[in-house]
Amino acid sequence: MRKFICIQCPLGCEIIVEGERIEGNKCPRGKEYVMQEMKNPRRVLTTTVFIENAIHPMLPVRSNGEIPKELLKECMKILAGVKVKAPVKKGDVIYKNILNTGIDIIASRSMERK
Amino acid sequence: METDVAIIGGGPAGLAAAMEAKKHAKVTLIERNEELGGILQQCIHHGFGNFIFGEALTGPEYAEHFIEQMEGVDVMLNTTVLEIDKNKRMLLSSPDGVFEMEAKAIILAMGCRERTRTQIFIPGTRPAGIYTAGTAQRLINIEGVMLGKHIVILGSGDVGLIMARRLTLEGAKVEGVYEIMPKPGGLTRNIVQCLYDFDIPLHLSHTIVEIVGKRRVEGVFVAKVDENFKPIEETKRFVPCDTLILAVGLIPENELTKKIGIELDDITAGPVVDEGMETSIEGIFACGNVVHVHDLVDDVSFSAIIAGREAAKYANGRKIKRRKIKVKAGENVRYVVPQIINGRDIEEITFYFRVKKEMKNVVTRLLVDGEVRKEKRELIVKPPEMVRLKVKGELVKNANSISIEVKKVA
Amino acid sequence: MKVEKKVEKYARKKGWKVKARLEDGILYLEGEVPSYKEYVEIGRYAGKQKNIEGVVNRLKYKGKKEVKRKKGENKLIGEADVVIIGGGVTGCMIARELSKYKLDIILVEKAEDVACGATKANNAMVHTGIGEKMGTLKQKLCVEGHKMYEELSKQLDFPYEKNGMWIILTKDSFADMPIPSFLGNFIARFIIPRIILRRAKKLGIPMHIVKRKELLKEEPNVTSRALIAVYSPTYGVTSPYLFTIALAENAIDNGVKIMLETEVVDMITEGEEVKEVVTDKGRIKARYVINAAGVYADMVAEMAGAREYTIHPKKGSTLLFDKDYGNYIKHSMTILKFPRMEHYKGGGAMLTFERNIQLGPTLMEVEDREDTSVTAAEIKQIFSRFSLLLPNLPRKGVIAYFAGLRAATFTEDFIIRRAKKVRNFIHVAGIQSPGLAAAPAVAKMVVGLLKESGLEMVEKKDFNPYRKASVVIRELSVEERQKMVEKDARYGKVVCRCEDVTEGEIVDAIHGKIGARNIDAIKRRTRAGMGRCQGSFCLPHVAKILSRETGIPLEEIKKNGNGSNLFIGKAKCLLEEENGN
């Protein structure tokens, strides 16, 4: 038996999944959400990477799509070792195709060379 | 120095106001930090701009959209407003000098500060390792330091939840999030994606009763609270940790506002404003979190654009009549912004309000002169989630009594 | 009855096994009592006996911790005519006073800054002496010391103001006494004020009675239950840590060497003399030793073989209010409540120099000499006691609270004298309130004791009594402020928004003669972090400036001393750890 809180709308229905049965959703989107969560939960990753010669030592980055939830920890470890140099433009690819997900990690902002 | 519209604060509110005001007047944007963007630069998570851009952007991405629009605005960085008076004269301090500036209109956009440990009287020692969530966020995301390894978070508002996830992703162990209310304070989306995703326990109806540690935090005592929020002694237990994050509330930063004698709303802790975001002093406007704490930055931008437009109009000599009709907070409404309707020429006015208690299957209503003039059904309303009611300006322009209420659908 | 028998009888009646031994004016207690509470009780009883110069309390009790002697460093790091142990206001005042003479002086302080003990945790009042027990040394030195503040503050450029003090009697003054209220109110109105005035006249302190109507007109927020007040116009307030820093800087200017983070762990004695002071950084040869070690004075005395007293710390907690309430009261005030506790003036609502109201301090016996926690009970106690004075002062006005430990001896008075068995060791112990006010007079007394001990004290011709504080930008006029920014742009960048502190001032604090090396040291010197947001905004900026100016990597910056690291490392350090880096 698994419990989910649907986040598709502010109602936040508590949905219970027992075997084949899905109960508690007040609309079909809830069922879709839960099925996706069970099959292949994915999340956007946002974090920072080290940057040199910029106004701050960290550059905020984000994944340009959703990454399988179970890979987030590994992604964080990989990105911990990444160091970029200013200047960087918002949207620049900082790390391509992380863990073969087809998702890139891109810069959340531009940072000029100091 | 002189300007038409001076905007104090270069965060999301100030930026949006500047973007709009510059179309009609000379704008000076005053920011105390070394860059624009305010709090958005440290909010590296996504979820901003769903309404205004149709995308879930990160804070810095959202900010950059507006920062790119600052051409033609006189931006003063590293500049603090030391003093301000009713005649819209300010004293500024920056590395370039200390000088006076006179503006035709001023927009207050100073945002919020955080409630501190001592304001909630947590007993115990005062070691290193105690941070308010915003400070923690700045230190990790901008200054590039790691705060600790074993974290306890007090407060389940969005800032606390976001930090729970952030710290976990950076390799720390969040022992738990403790919340004094029986229900969580943040958006459900965040409860799921910040706590459940990482198996971080949420302890409702709990608080921290003592901090232990001489030089650095060594742990905290937590306890369940009763219906009067008083700790129940028998439930007291020790949670070892090296870091305590406090996410116990935001307070609109109205020190300057108070100094000029602008009327403040006791409940929002921000200035009383009209539909054009003007305060009780003509020509001084306010927008963003300095008016009331928002959940979504989109709402900040929308109201800031109105402030920018109206401030520019004022600077250009546009006179308006001020009818000063109070907007009443009706049934189940804790507060409404704007608190006053003066009868401006505004096509669409959004009333922002918060409910007193959670209700399902409700209708939110605008009453003008005793009659229901606008209604909207909502599946659920909760105190942590601000509610909006958009109405046509003409509905309230000549009203004699206005109120907003939330009623259960029969 | 002999003193020893009296004390033993008292203990026996309570069922405690105590042996008392009197030797040369010092009463030694040995045996066992159930807990720390009884240990203090019998110690204080012993200390009250006539002609006792000190109580050495060696009683065992359940849970008593063994004092572990730390290891010293062997290398020789200094040589001095006088070594002063302790860098609080007392030690620094003595250092400055001694720097007037042709002497080599070294002051050792175990913390990372001066003023880190009780000096930074009291309520800053420069008492006139009216509130002290008559006939005590602490009262005498308080009255004398108080008179020296005006001149000192001009010479050393530290804040001092005679802001006055109300001693207020209300309908609650005798509420806890077993007498009818009309009698209590009568005593409050007609007897007590006259007793106070008589005492004041004896001590030469100007005070006068103020009737209820006039009191309430001047102080409208005082309770309507007020009956009468005695006003003391010369009561002073200072900044204890700014004063101490000023003393230390002036002492350094005049040749004193101050060694911070240097803890005394032992002493090498020969016959009746201390030869060397052993610290964790090395040994210092000394001709004379001044023991101003506060809450550890008894342990330091023990190292020299001069143990003549035992310290029992008395914690005092204080609540600090937002400057927004700075005009809530015009002068500091206290409420007299009977029965009075001995050696406790009762605290009050005291205005700091900067106009923050302080409520407190409390008084609580604690065993741990490092216990500066503020308990829930103390917070409650402060509100209940002082709501009798200012009933409408709102709780939400509190922005900070802190606690300090009074270094009380069991005789509850200062012990300033030459050691009985060690001819070159001088006790400056038991400095609890009014230690701050008394400090200038304490130092003069120490000079007398040194002369008596045979130390040749020749006055320096080139002693410089003047010291200038570094600039405080918010106190300048706009034009002066502009000039400073033109000189150095960093005086234009405001870092602490709440207290209006600029980057230039923070840099000055870091590079001063006693430079700030951590966040709290910067806070004390500049006020950055003392405002209503308590550093929420400025901490990252202050830490960055500190790192830049000292070369200490940001991730190693400390809040105060060893072990108070703000961070555990750079970003990603825990992930790198997992990566095996």
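Convention: sequence-line order gives letters A, B, ...; per-chain numbering from 1. Just so it is clear, the structure is predicted and the values come from calculations on it, not from any experiment.
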State whether the number of non-hydrogen atoms from other residues, nucleotides or ligands found under 6.0 Å of [X] atom [atom1] is greater than 12.
X	atom1	result
K257(C)	NZ	no
M35(A)	CE	no
K90(A)	NZ	yes
E486(C)	CD	yes

Taking all atoms of both residues into account, what is the closest heavy-atom pair of A80(A) and E576(C), and its distance? O-OE2, 3.1 Å
Side-chain contact, heavy-atom cut-off 4.5 Å: K572(C) with T47(A)? yes
d(E74(A) CD, L575(C) CG) to nearest 0.5 Å is 10.5 Å
